[in-house]
Structure formats: structure tokens, C-alpha cells
Amino acid sequence: RSNRREPRNRWPGNRRPTVWLIAASLALLVWVLSGSVLRALAPGDVLPGTSMGGIELGGQTRERAASLIDGMEPHEVELSRGQRSFTVRAPQAGLTIDSESSAELATSAGRSGFGPLLAGPLSLFQNRELEPEYEPVDSKRLNRTVDRIADRIDREPFVGALAVDPATLEVTTEQPEAGVGVRRGLAARNLLAAFRAGRGSMEIPVRRRPAPSPAEVESVAREAERNLQEPHLIRSAGAETVVAPERMAGVLAIESSGESGGASGSGIRLGVDGDEVAALVSRFAGNRDRPAQDAGLDTPAQPPVTLSEQGDLGWSPKPGVATVRGSRSGRRVLQAQAVEATAVAVRNGEHRVRFRTERVQPD
């Protein structure tokens, strides 16, 4: 028989893991309770290390924190697009700090939730930079601010331009350029988000406004050259007037067709310069208009009253005949219609246009 004794198991069953679990739980409990005790003993309602908008609020009462928050300088956000930038203060974005809600946020910071519990005593020494709470947004003021900035950035597409030498009728072009438009709704939402997140800058969101391609501009230029190969004829009040190509040189222009230009996104066509065609029509009307003539009376030049050398007045009837000048109607070119008729003729590649007139009655 062997006298060797079997070693005794000091931790029968699962006792060893159980002890370790109990020890870890007690350590965690001590950790959490120590943190809670330290936070409870901390001076003031706001824990140390808590700040808002750059103002240290640690150790302050809730009422004192609200007063400090109420005197804060408004937060600013710089909006930028390319080389342009705009600074917007919180009130301009329709935001007013709610000092009471902000003080409540500062008071509860580090005191609620699982984070402070798990941090234990370390939660008393953490730095907490908070963003203020705001009252409901003044949407009208926010939209006015965004509109003001957008109006300075928005740019319509430049569809290109024609220049015609009156002497040689040579057509040259100026190249198109895309436009840009601020996405105003998105800009307003992003601006509010920047303020609430405490960011100091943001990019202004825009959408591209497409312009015609250089090939489209050149195509319109060739059409202008063809248009100037023969004169235009204006028929008005039963007569025709010839307008030489050199006089039409300044009238032709590139204009938007109001239709999609496919991949370029902007359709163009040969049209007229509004001011130039109005001046052409005005000069034509100045030569063709005829004013109305009112009826009137022609009476004898000598009155029946005489003045003697002695200064006496005398009157004696004299036979006289009053004649009637007849009236005559006039004529006037309808200039607004003539401008539109000229534009339509150019767009359609036509060289004959009719200027309508109206009769002007005498008074």
C-alpha cells in the first residue's frame, strides 16, 4: 500500500473564477461609487472642466452659468466659395442662444449617462467643451441671410457673343462660360448644422448652370454670316424699305432658345440684340410715322376795333369770313410688334418682315 497522499484541491469546483468575479465586481463598485462621491462633493452645479463657447463654467451655480452664457459673444461661421467668403453670426442665421437650456446642459454634463459612471473619479477631471442650446430658428431671418449671400454668388451662364465688323461683315465670337447657382435650401441646413456643431467654417453648396459648347457658338456664327449675305426688306404702309447688311451687323446676336442643348445643357440660336433692334425700329418709325392734323379756324387778321390818334377806341363792323381747316388722320408704326417681328424673321432665317401701323385720329 502506498503511503503517498494525493494533493488537496484548494478551489473545489468553480470557486476560483467566482472569487475573481466577486473581486472585480467590488473593484468596479468602488470605482463607480468613488466617482459619484467626488462628483457630489464638487463645488457648484457645473463640474470642473466644463466650458461652453470658450467660457469656463466649472464650479458655477446653474443660475450663474445661465448669466455667463447669456453674455456670450455670438458664434460665427465663415462661408466660402472659391475666393469669396462671408462671415455669418448666429443671430443672422436666425439663432438665439437659450441660456436656460444651455445652463441645464452644462449642469448635467458629466453627471448623467453611463460614460461618467464608467469613468469613475476620472470624470471629475475631464474637459468638456459644449455647444450652446438655441431657441427655435427664425426661418425668415435665416433665409434672408442665405439669399443675400446667394445673390452675390449666383451667376447666369454666359451663352457667348457675336461681333460683326460692319465694313467687312466678318463675324467673330466670344466663348461661353458656365454659370453657378447656390443651393439655397441645402446652404441654410448646412449653416444651422455648422452652428450647432460648433464648426467655424463651411463650404457653400452650389450647382453648375451649364453653358453652350464652343462648337454651338461657332455654328451660330456661321448662321449669322449666311444671314448677312443679302439685305433685309421691311414692308410697311404699302412701301418697302431696304436694310443693308451693314446696318444689320449690330442687330444680330446669340440668344438662348429655351430648349435643352443635349450634353451641353443649354440650347442657343441666332437672334437679335434687344437694344439694337429697338433702335433700328425707332429710326424707321421716325421716317414713316405721320402725325395727325387737327381741324382749325382761319379768321381775318384785322379786328373791327380801331384806335384813333387821340386815343379813342372805335368799333365798326367789318365783313369777314372764317374758314375751316380740315382734319387729317395720322399713322404710327407699332414699334413693339415691329421689334418682335424682326426677331422672329432673324430666328427663322427670313429676310422680309412687315411692320404693322395704326391710324392716329385727330383730336
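Inspection of the S51 and E129 side chains reveals an N or O donor paired with an N or O acceptor under 3.5 Å.
A distance of 13.5 Å separates CZ in R209 from CD in E177, rounded to the nearest 0.5 Å. Note that CG of L79 is 12.5 Å distant from CZ of R84, once rounded to the nearest 0.5 Å.
E131 and R196 are not joined by a salt bridge, as no carboxylate oxygen comes within less than 4.0 angstrom of a charged side-chain nitrogen. The pair R347-E255 counts as a salt bridge, with a side-chain nitrogen and a carboxylate oxygen less than 4.0 angstrom apart.
One hydrophobic cluster, built from ILVMFWY side chains closer than 4.5 Å, holds both V88 and V137. L233 and V277 are not part of a single hydrophobic cluster, where members link through side-chain heavy atoms under 4.5 Å apart. Neither L270 nor F158 shares a network with the other; the hydrophobic side chains, linked directly or stepwise wherever heavy atoms of I, L, V, M, F, W or Y lie under 4.5 Å apart, form separate groups for each. Taken together through direct or relayed side-chain contacts under 4.5 Å among Ile, Leu, Val, Met, Phe, Trp and Tyr, L191 and I153 form part of one hydrophobic cluster. V281 and L334 are not part of a single hydrophobic cluster, where members link through side-chain heavy atoms under 4.5 Å apart.
Side-chain contact between M248 and L280: present, with at least one pair of heavy atoms (C-beta onward) separated by less than 4.5 Å.
Residue H232 is tested with N227, T342, V353, V251 for a side-chain contact (heavy atoms from CB on, under 4.5 Å); the sole match is N227. Partner of K140 under the side-chain contact (heavy atoms from CB on, under 4.5 Å) criterion, chosen from N143, D138, L142: D138.
Partners of E276 according to the side chain to side chain donor-acceptor pair (under 3.5 Å) rule, which considers only residues two or more places apart in sequence or in another chain, do not exist here. When the ring-ring contact (aromatic ring centres under 6.0 Å, His included) test is applied to F355, the partners found at least two apart in sequence or on another chain are F284.
In Q293, the CD atom is crowded: over 12 heavy atoms of neighbouring residues, nucleotides or ligands sit closer than 6.0 Å.
Residue pairs meeting the side chain to side chain donor-acceptor pair (under 3.5 Å) criterion with at least one member in residues 329-340, sequence neighbours excluded: R332-E358.
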*Worked check of salt bridge (charged side-chain N to carboxylate O under 4.0 Å, His left out) between R184 and D151*: CA-CA 10 Å; R184 303 188 182 207; D151 288 343; 3.1 Å; yes
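Between P362 and S327, the shortest heavy-atom distance links the atoms CG-CB, 3.8 Å. Of all heavy-atom pairs spanning G160 and I254, the tightest one is C-CD1, 3.9 Å.
With hydrogens and angles ignored, the 3.5 Å screen pairs no side-chain donor or acceptor of T173 with any backbone N or O of E218. Under a 3.5 Å cut-off, the side chain of H351 and the backbone N or O of L228 do not form any donor-acceptor pair.
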